[in-house]
S.K.: 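Structure provided below as structure tokens; questions to follow.
Scope of the values below: all heavy atoms of this structure, side chains included, with no hydrogens, waters or symmetry mates. On a predicted model such as this, the values are computed, not experimentally measured, just so you know.
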Amino acid sequence: MQRGSDRLSVHRDDEMKHELQGLLRSGHPTRTEEWHDPEPFADDDPEVAHGPVTPGRDPSSLEAVRLELARTLARGDFPAGPRELMRALDRRHAPDALVEALERLPRKDRYHSVQELAEALTRVRETERA
């Protein structure tokens, strides 16, 4: 039972449902006028997807490496050596920098968690800088 206290009329509701139907089905904007679409990210926009942008936060920090690894690897990928982890990262289309960093790890080592792997990667980066 409809009370009649809607902000919009029944006809406007149907019109709005029809307008949104393409977006809901396809998952991307379907408008032909470009000015209707939201503005895409620029290349020089700061990276805010990982939290607030702070001066001490660089991509080589332990937290950033661990976050990137956790996005790509699952619990079932561990325990594993660098080669198996490189294959898992490659299958899941991980960033090339992450796969290349794994190449520098000792082949005989085995890692049991994302934390262990992130610590090893940051240790290797720190020794390369020194």
S.K.: So how far is it from Leu102 CG to Tyr111 OH, rounded to the nearest 0.5 Å?
M.R.: 8.0 Å

S.K.: Measure the CE-CZ distance between Met86 and Arg91 for me, rounded to the nearest 0.5 Å.
M.R.: 12.0 Å

S.K.: Counting only heavy atoms not in Arg107, do more than 12 fall under 6.0 Å of its CZ?
M.R.: yes

S.K.: If the threshold is 4.0 Å, N to carboxylate O, is there a salt bridge linking Glu15 and Arg12?
M.R.: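 A salt bridge is present here (some side-chain N lies under 4.0 Å from a carboxylate O).
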
S.K.: With rounding to the nearest 0.5 Å, note down the distance linking CZ in Arg123 to CG in Leu62.
M.R.: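 One finds 10.0 Å between CZ of Arg123 and CG of Leu62.
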
S.K.: Hey, could you give me the CZ/CG distance between Arg71 and Leu89, rounded to the nearest 0.5 Å?
M.R.: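 Here the rounded value is 13.5 Å.
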
S.K.: Quick check against the 3.5 Å criterion: does Glu84 have a side-chain atom that pairs as donor or acceptor with the backbone of Gly81?
M.R.: yes

S.K.: Answer yes or no: is there an ion pair linking Arg83 with Glu103, defined by an N-O contact shorter than 4.0 Å?
M.R.: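 Salt bridge between Arg83 and Glu103, a charged N being under 4.0 Å from a carboxylate O: no.
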
S.K.: For Pro79, is there any backbone N or O sitting under 3.5 Å from a side-chain donor or acceptor partner on Arg110?
M.R.: yes

S.K.: For Pro106 and Pro82, which heavy atoms make the closest approach, and how far apart are they?
M.R.: O-CG, 3.2 Å

S.K.: Is it true that Arg87 and Asp77 make a salt bridge, defined as a side-chain N closer than 4.0 Å to a carboxylate O?
M.R.: no

S.K.: Please say which of Val114, Leu121, Leu117 ends up in a side-chain contact (heavy atoms from CB on, under 4.5 Å) with Arg66.
M.R.: Val114

S.K.: So if I apply the side-chain contact (heavy atoms from CB on, under 4.5 Å) rule between Leu85 and each of Leu98, Asp90, Leu73, which one comes out positive?
M.R.: Leu73

